[in-house]
Amino acid sequence: MAFPLNDRQLEAVRATEGPVLVIAGAGSGKTRVLTERIAHLVVERGVRPHEILAFTFTNRAAREMKERLEKNNPGITDRLWVGTFHATGVRILRSEGERIGIQRRFSIYDADDSADLVKEILSKQVVMGGMMGSPSAMRDRISRWKNDLMTPEMAAEGASDNIERKVAAVYREYERGLRRANALDFDDLIAKVVELFSVHPEVKERYARRFRYVLVDEFQDTNPIQMALIDALASHHRNLFAVGDDDQSIYSWRGARVDHILNFEELYPGTKVVRLEQNYRSTQTILDAANHVIAHNKGRKGKNLWTDLGKGEKAGLLVSMDEETEAINVLDAVKSLVADGYSPREIAVLYRTNAQSRALEDVFKLGSVPYQIIGGVRFYERMEVRDILAYCKFLANPADDVSLKRIVNVPPRGLGKSTYESLSSMARSNDTTVLEALRTGAHFLATAQKKRVGAFLELVSKLREIAKDSPAPRVVEAIIAETGYKEFLRQNYPDADARIENVDEVVAAAEAYTQGRDDASLAAFLEEIALVADVDSLDDIKGQVTLMTLHNAKGLEYDCVIIAGLEDGLVPHYNSLDTIEELEEERRLFYVGMTRARKRLFLSYANMRRRMGVIEGGSPSRFLAEIPDECVDGAVDSPRSGEGAGDFDELRLPFPGRRGPLQRREPSPTEYEDYSQEEASYAVGMRIFHNDFGRGIVRKVEGSGENLRVTVIFDGGGERKFLAHYAPMRPLV
DNA sequence: TGGTAGAGGCTTTTT
DNA sequence: GCCTCTACCA
């Protein structure tokens, strides 16, 4: 990729002074422009790296940008600030936060921690007066307020009804809870910097003077609070360089405003606008398909991508009966691509919702193609991992009541709900932390409880002693050992093996983090993992097919892309059918998915799909009809008309006859055999892996064919008998 | 207090 | 379909 920059790209790189807005179409080389510009600033203009600040959307993007810079200019990134808004916020708050009352060792609450805090608040409310939604829905509402720079007071004032007013009241309590626990949630990592800058203008001025050049990637997905931060940091020199694509704005649900792009020139008078429309990624056919789809959106600046990479092949169409068949067809398509010579690492399978990954994985794990799934139940969201990390957070910050609540009786040590409740309400009325209540208030309790509280406090002080001067991995090990956590897992979970592996993985993560760092402390490790996203750990070194959501695919590219589940209700999603704005965002999401592909694109839908346990009929995504016929190899079934009472039944029945002529075939007999052979061959003594129960050893084999019964003794304890044909089980090699 | 079983809610997307 | 919460019993 050592092509010279084109004229437009050069223009963007060299326009160093004043505000610049780059409208960068998909695949138009925007990352290259960003890195070349930074290099240009340092090498040609003599700017010192620490005077440059660049915001990226993911840590992965930050890492890649640094790597590309280092390649041509070793050492350049040492003092450069490149990171996500959140990481940059933390960096500033660690050194300046105390000015606005944030202690240095604050905890960072992730979405689950925040929801736990909301839950805790709700449980203390006497009467909540009915339907206000789940704790996490409320947390989302609060988050949107925060991202719109709304305080609890403003939220209460602007509330449109009683329910909103009550949620606003919860918001107020939530903020108090965070402060009491010396914790910040994700949004605070940015919001508190904005607050700091407004309370202490001199601090803002210091940073604004320091950063002579501010660069922002994925500008279309910034929200008001991020915009406030950008604006503050660029306020002195006004050398703001924003790169984005209004057609790829897919985060409005997180408060992002495309207006930031559309109104940029008003916000920053004198802006130079550069448009990058030459695409260096995809074939003309893929671009034509994508261009036609996105052209249906009204609210856009409008652009037309072109390429000189040639026409390429038509997009493949996979039509399947249901989601299981779809998964088989997707795996089939992957296999044929591999047979054509594409590396698995150059193939991605994209879908709208994480829930769709299950059906795909069920098939992929029996297939012979290596794969990785990004997202879904994330590693750091697993129960056992969260337990261990809650111990860590609590040790690093004893005021952290949410974490304390999580661990106080895990593993069970006789400090159940009623004991905890009485201690926490004591803490509440005395306005102290729960730990303080444990220390001072235990004399109210019965003797047995007093003893148990004492034992817990002893455990805590022992662990804190260790945490004081040991590196993070040693602390994690001590937590696991001293609490007897693995034993607890073994006794309570049939899949203890997998869970123990996860727990060990936390130690490994701490170990990996510690390598080559000065600060190996628990607090530093916690900060690191609080900010990692799933895409950040995306592994493209091993040759694996990647499965992930369309959102996660933003900013990535692959030779081959398969988009699964292209049905109305999924793309566009049911919940986004109400307004034009929502519908257009769904279209952009589809557009983002299509434009990830360099050479081959497959579009897939199923006629039926299980949703929350119920089988539902679906029709092909309305967006498919927006793709010109000559771009697709095959014909999309026309969406079902709603007329006629009989339609209803048809939706629910697998009518083999109504599959169109270009329907993807069922797997051929040989392929299927190949597929089932793996599950058919079990022998006594063989090691197996079961989805729910983990590893085990085969003790007995009876019957044959579909009636093949396999008895397994699991490593995690327990013996079970399965019908091999149906059980989610496979032999381990 | 803790274990179990059944009910109910949930899934859009994430730093 | 799966996970979490709640109610009830040991």
Side-chain angles (χ1 to χ4, degrees), chain A residues 55-62 83-90 108-112 114-116 119 122-123 131 133-137 139-140 143-144 146-147 185-190 218 221-223 225-226 249-256 323 350-359 362 374-378 380-383 409-421 446 448-449 452 491-492 530-536 548-554 565 569-577 582 585-586 588-590 592-593 609-615 691-692:
Chain A
F55 288 114
T56 60
F57 197 71
T58 61
N59 293 298
R60 178 190 157 89
T84 61
F85 288 98
H86 297 87
T88 304
V90 170
I108 299 172
Y109 278 5
D110 63 20
D112 288 324
S114 298
D116 283 346
K119 214 181 295 175
L122 291 178
S123 73
M131 320 303 277
S134 64
S136 53
R139 193 212 75 91
D140 289 346
S143 174
R144 252 172 295 131
K146 282 190 160 185
N147 281 311
D185 68 12
F186 267 150
D187 305 319
D188 283 338
L189 300 181
I190 302 163
E218 308 282 9
D221 285 322
T222 52
N223 62 35
I225 197 93
Q226 291 165 337
S249 153
I250 54 174
Y251 281 92
S252 74
W253 52 274
R254 215 169 77 188
E323 76 261 35
L350 310 180
Y351 38 81
R352 177 66 232 265
T353 68
N354 281 306
Q356 289 168 257
S357 68
R358 182 172 305 248
D362 281 347
I374 305 296
V377 183
R378 295 172 189 76
Y380 289 110
E381 285 171 12
R382 287 172 198 277
M383 176 268 271
N409 201 31
V410 176
R413 48 175 75 90
L415 298 174
K417 214 172 162 178
S418 59
T419 309
Y420 182 82
E421 286 304 319
Q449 291 313 95
R452 289 168 176 163
Q491 279 169 10
N492 292 282
L531 299 175
V532 298
D534 251 40
V535 245
D536 297 338
M548 65 189 148
T549 61
L550 288 159
H551 282 90
N552 259 320
K554 187 170 97 151
L570 236 31
V571 186
H573 197 271
Y574 297 98
N575 298 354
S576 301
L577 298 174
E582 288 176 322
E585 179 148 320
E586 295 290 306
R588 290 193 292 270
L589 190 55
F590 181 41
V592 166
R609 183 175 299 274
R610 197 179 280 277
R611 208 171 77 93
M612 285 192 247
V614 186
I615 295 171
N691 264 5
D692 303 325

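In the text below, chain A, chain B and the rest are named by the order of the sequence lines, each starting its count at 1.
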Please give, in whole Å, the distance from [N] [atom2] to [X] [atom1]?
{"X": "A:Gln449", "N": "B:dG2", "atom1": "CD", "atom2": "P", "answer": "8 Å"}
{"X": "A:Phe57", "N": "B:dT14", "atom1": "CZ", "atom2": "P", "answer": "10 Å"}
{"X": "A:Arg358", "N": "B:dT11", "atom1": "CZ", "atom2": "C1'", "answer": "12 Å"}
{"X": "A:Ile225", "N": "B:dT15", "atom1": "CD1", "atom2": "P", "answer": "19 Å"}
{"X": "A:Asn147", "N": "B:dT13", "atom1": "CG", "atom2": "C1'", "answer": "15 Å"}
{"X": "A:Asp140", "N": "B:dT11", "atom1": "CG", "atom2": "P", "answer": "9 Å"}
{"X": "A:Tyr251", "N": "B:dT15", "atom1": "OH", "atom2": "C1'", "answer": "8 Å"}
{"X": "A:Leu577", "N": "B:dT11", "atom1": "CG", "atom2": "C1'", "answer": "15 Å"}

Of the candidate nucleotides [options], which contains the atom at the shortest distance from the side chain of [X]?
{"X": "A:His551", "options": "B:dT15, B:dT11, B:dT13", "answer": "B:dT13"}
{"X": "A:Thr84", "options": "B:dT15, C:dC5, B:dT13", "answer": "B:dT15"}
{"X": "A:Arg610", "options": "C:dG1, B:dT15, B:dT11", "answer": "C:dG1"}

- Task: Measure the shortest side-chain to side-chain distance between A:Glu582 and A:Leu577 over non-hydrogen atoms and say whether it is less than 4.5 angstrom.
- Result: no

- Message: Are A:Lys146 and A:Ile225 packed together at the side-chain level, in the sense that at least one heavy-atom pair is separated by less than 4.5 angstrom?
- Response: no

- Thinking salt bridges, do A:Asp221 and A:Arg254 make one under a 4.0 Å N-O criterion? no

- Stacking check A:Trp253 vs B:dT13 (5.5 Å / 30 deg): yes

- Message: By the 4.0 Å heavy-atom rule, please label A:Tyr574 as base, sugar-phosphate, or nothing.
- Response: nothing

- Task: Using a 4.0 Å heavy-atom cut-off across all strands, classify A:Thr419 as base, sugar-phosphate, or nothing.
- Result: sugar-phosphate

Between [X] and [N], is there a side-chain N or O to OP1/OP2 distance below 4.0 Å?
{"X": "A:Asn59", "N": "B:dT15", "result": "no"}
{"X": "A:Thr549", "N": "B:dT14", "result": "yes"}
{"X": "A:Lys554", "N": "B:dT13", "result": "no"}
{"X": "A:Asn409", "N": "B:dG2", "result": "yes"}
{"X": "A:Asn354", "N": "B:dT14", "result": "yes"}

- A:His551 and its ring-ring contact (aromatic ring centres under 6.0 Å, His included) partner, picked from A:Trp253, A:Tyr351, A:Phe57: A:Trp253

- Between B:dT13 and C:dT4 - C1' atom distance, rounded Å: 22 Å

- Message: A cation-pi test, strictly: NZ or CZ of A:Arg611 under 6.0 Å from the centre of the six-membered ring of A:Tyr574 and no more than 45 degrees from its axis. Yes or no?
- Response: yes

- Item | Residue closer to the 5' end of DNA chain B, A:His86 versus A:Pro412 (nearest nucleotide) | A:Pro412

- Task: Answer yes or no: is there a donor N or O on one side and an acceptor on the other, between the side chain of A:Arg452 and the main chain of A:Leu415, under 3.5 Å?
- Result: no

